Amino acid sequence: MVTLAAVVAATAVIATIRHMPANAGDVSTISALVLMIALGAIVKARLRIRSTTFSFAWVETAIVLGLALAPPPWVILSTGIGIACVSLVNRLTAIKTAFGIAKHTLVAGGATLVIMLLGQRWPPDGLLNHLVLLGAVYLAAAVLDDLLAIPVIALASGTRIVRQFRNHLDLRIAGFAVRFIVAALTLIILRADQSLLLAVPPLVLSLHLAYSARIRGRTEQQAWQRLARTTDALNVVDLDTVLTTAVTQATELFSADEVEIELRDGDRAVRGGTGGITFDGPIGKPTDVDGTVVPTPLEGHDRTVDVGVLRLRFRGPVQLSEREQYTLRTFASALCTAVRNAQAYAELARVANEHAYAATHDALTGLANRRHLLDEGTNQLSTRHADGVTALVLIDLNHFKEVNDTLGHAAGDQVLVQVADRLRDAAQASDLVARLGGDEFAVLLRGLPAPAVAAHRAETLLAALHEPFELDGMRISVEASGGISVAPSTGGMTELLRRADVAMYQAKRAGQRISTYATTRDTADLGRLTLGGDLPRAVADHEFIVNFQPIVDLGTGEVTSAEALARWRHPTHGMIDPLRFLEAVERSGLLPAFAEAILDQALIAATTWRDAGFDIPVAVNVSPRSLLDARFPGSVLARLRAHDLPADRLVLELTETLTLSQLDVVDRVLSRLRDEGVRLALDDFGTGYSSLSLLSRIPVHELKIDRSFVTTMESSAEAAAVIRSTLDLGRSLNLAVVAEGVESEPQRRALWELGCVAGQGHLFARPVPAGTLLAAMQRGSGGRPGTLVAPLHNAGAVIRLSQTRRQPGRARLPHLPA
Ligand code: C2E
Ligand code: CA
Ligand code: CA
């Protein structure tokens, strides 16, 4: 522009020198021209964009008027000089001065060019001609003015040029018309009577005032509308959207170079401009926009809440108008509300999310919970074209309660967390690992290539739990049982879970680590899952009863004691075996009440038998859990006293467990009972943990050889060896030994010949009610009351060793020491 303007100015100078040299008389004309241009430049409407204020002035009116009165080259030069003077007085920067001079010189040059193109003699004759020409020249000047100024404004404000052209178009056209009319009127006045020229300045001034008031009103109205739109746009719940909207809108609203929002909550600062967010990070990072900073606190109407600060930054010196300051406060207040709403909403959403997570996850281990597993499983099973086979592995820790009870719940929790971690690691990406509660875990296997793969995967999962767990320096091994079920065709997830549960239960009972669900074995377990809820009623209504199974002298067939075996006479399920409900009882917290009920019935039976002349001890099974209860001995002894039975009429059968072998409290409980005279028997001997080391710590009176050895003793040398060494042990420690599960005469005889004196099993009697057992004893075998079977030999004929060697039928038996 400056170069072009210089060319135009140079042309004007040459034209002046060549064709219309100014003489002394023309100096006044030129001075008048300069003055007119300067006046036109001073009287103007202002518009601030960023730190730059743009003005709409009367310069082009002055130029056009000048062209009507003086030779164009003079006007061109006067325009440059006039604008230069005003710029100097206003102390504009060099670039603005240069731009102003260049632009107006070009406008004057352009107007001159139009006059030349129209080829008219200038000034024309005839008023109409004159006015038409004036209009054309004026139009050219105005258009040129906009063409030169608007792109520069658009560039400076970062808005689109087209938008700037449309901006205030109506006002600009109106202004153009007004100024044209003023120019035309002035021209007419000049032609008519020069003295009337005095009326022109007041006319111009009043028109100008009206015009600039209009502009201001319009700008203000637009600003309010924009503020209203902006505060509306802030009405969103997402904090990021609020901040982005606020930054971009504030940049436009206040025509700032940068807008910054600082939030106290969360140490967050956000900066940006019309283009969006340019910085989002911690408070205090420097910005490269320096100049004027206008800070406003983000506070509510009542000034009580203060969420942060809003800062407007301008690259140059800026003074906000009163209206802008008010807008700023309103905007800040709206932004404060929006930020608080968004923060509150975010908090709500977070809480809701947390709830959703908590509702589907186990708080301790972070695994999915039962509900989530059921939902996911249901989803999986209902997906019609789901790839592959769906299966469920149920994993239950054995003896976990003992860890909890003895090492404390914190230790128990640690074990559960470690179990969860291991299962998670052992599982594959498509598996869903869940904790169903307590020590029960489940893994949903999805997309298996074949049902058989489930067992392999279950093995992997259980193997992960094999290594002992590290707990504050201790190493604890936790055994687990697993049940597998493969997606049923009907019944959905509940059925899948039930089947896995049945399978796991079968595994536990069979002493296997893992069992896969098989429909054929299911019937017996159908009711198990529903039994849990019935327990309190069962205890209250005395649904637990006791059957008695005699223990007999293998040689004579005489009943030497009887074992109390619990039964549940369920109102709808009928008689239920203890293995099906014991675990539930232990889990339920009803164990003490249950144990007491059984003990009571056992002691009552013993007194009845004693009163009938059979003074035999009664054996009662004790849950390992009871032995952890320090009040247990007191309660047992109290029951004995209540029934007036000597302590040695009671045998407590203990099962070997981790607990029994390791814990002091168990030692104390058992010592107390033993010291009071209660007899102790070790049940299922040979199947449990470190039997021998246990024996050295807990002095029991009796060992009960587990049924499994008796059952297989005739076919398995190993089983026979266990029996033999147990008998040896009994002899050397002076303990009574009872063989369990004697079902046949050959077994009875074999045991007898191995040196076993006492036995229990179906051969002699099944577990029966106390009265039935009493009647059987009273009846006796072969007219001998108190016996249930015939004696092995005639009294005194103790020739078993030689007999063994002579009877070929028992040649399979292991060789006995002489
Ligand atoms: P246990 O103490 O080993 O009891 C012996 C089990 O073997 C009984 O099963 C009995 O019916 C069964 N049995 C006896 N003779 C034979 C035989 O010749 N052949 C076969 N195949 N089985 C025989 P039951 O009554 O089902 O009891 C199972 C287990 O439940 C018991 O094993 C015991 O550990 C537990 N239990 C029973 N009653 C109670 C109780 O009142 N309290 C506690 N804590 N546990 C109990
Ligand atoms: Ca027993
Ligand atoms: Ca047993």
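Hydrogens, waters and symmetry mates play no part in the numbers below; they use all other heavy atoms, side chains included. Order of listing sets the numbers, starting from 1, for every ligand and every atom in it. Quick caveat: nothing in here was measured; it's all calculated off a predicted structure.
In this structure, H542 places its NE2 atom where only 12 or fewer heavy-atom neighbours from other residues, nucleotides or ligands lie under 6.0 Å away. Counting non-hydrogen atoms of neighbouring residues, nucleotides and ligands closer than 6.0 angstrom, the CG atom of N734 reaches no more than 12 such neighbours.
Of the candidates N621, T655, V546, it is N621 that places a heavy atom closest to atom 39 (C) of ligand 1.
A cation-pi arrangement is present between R422 and F469, with the terminal nitrogen or guanidinium carbon under 6.0 Å from the aromatic centre and inside a 45° cone about the axis.
The atom name of the N/O/S atom in D683 closest to the Ca ion (ligand 2) is OD2.
In this structure, CG on L751 lies 13.0 Å from CZ on R724, to the nearest 0.5 angstrom. Put simply, CD on E596 and OG on S626 are 10.5 Å apart, with the number rounded to the nearest 0.5 Å.
The shell of residues lying under 4.0 angstrom from ligand 1, judged by heavy atoms, excludes K704. Residue contacts with ligand 1 leave out R766, since none of its heavy atoms falls under 4.0 Å from the ligand.
Geometrically, ligand 1 and Q549 share a nitrogen or oxygen pair separated by less than 3.5 Å. For ligand 1, the polar-atom distance check against P578 finds no nitrogen or oxygen pair separated by under 3.5 Å. Taking only nitrogen or oxygen atoms, main chain and side chain alike, Q760 does not reach within less than 3.5 Å of ligand 1.
Below 4.0 Å from some heavy atom of P767 lie the following atoms of ligand 1, by number and element: 11 (O). For ligand 1, the atoms lying closer than 4.0 Å to a non-hydrogen atom of V622 are 44 (N). Listed by atom number, the atoms of ligand 1 under 4.0 Å from E743 heavy atoms are 17 (C), 18 (O), 19 (N), 20 (C), 21 (N). Of all atoms in ligand 1, numbered sequentially from 1 with element shown, those under 4.0 Å from a heavy atom of L582 are 30 (O), 35 (C), 36 (N), 45 (N), 46 (C). The ligand atoms of ligand 1 that sit less than 4.0 angstrom from a heavy atom of S623 are 44 (N).
In terms of modelled atom types and a separation under 3.5 Å, the side chain of T712 and the main chain of A719 share no donor-acceptor contact. H701 places a side-chain N or O within donor-acceptor distance of the main-chain N or O of L680, the cut-off being under 3.5 Å.
For E563, the nearest N, O or S atom to the Ca ion (ligand 2) falls under 3.0 Å. The nearest N, O or S atom of E653 is closer to the Ca ion (ligand 2) than 3.0 Å. Residue contact annotation: N621 places an N/O/S atom under 3.0 Å from the Ca ion (ligand 2).
In the model, D362 has a side-chain atom that pairs as donor or acceptor with a side-chain atom of T365 under 3.5 Å. Side-chain N/O atoms of N398 and S481 include a donor and acceptor closer than 3.5 Å.
Tested against E563, the residues V651, V738, N621 include a single side chain to side chain contact (heavy atoms under 4.5 Å, CB included) partner, N621.
Proximity of D684 to ligand 1, defined as any heavy-atom pair under 4.0 Å, is confined to the side chain (atoms from C-beta onward). Residue contacts with ligand 1, taken as heavy atom pairs separated by less than 4.0 Å, do not involve T711 at all.
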- Candidate pair V559 and T787, rule side chain to side chain contact (heavy atoms under 4.5 Å, CB included), full reasoning: CA-CA 6 Å; V559 177; T787 63; over 6 Å; no
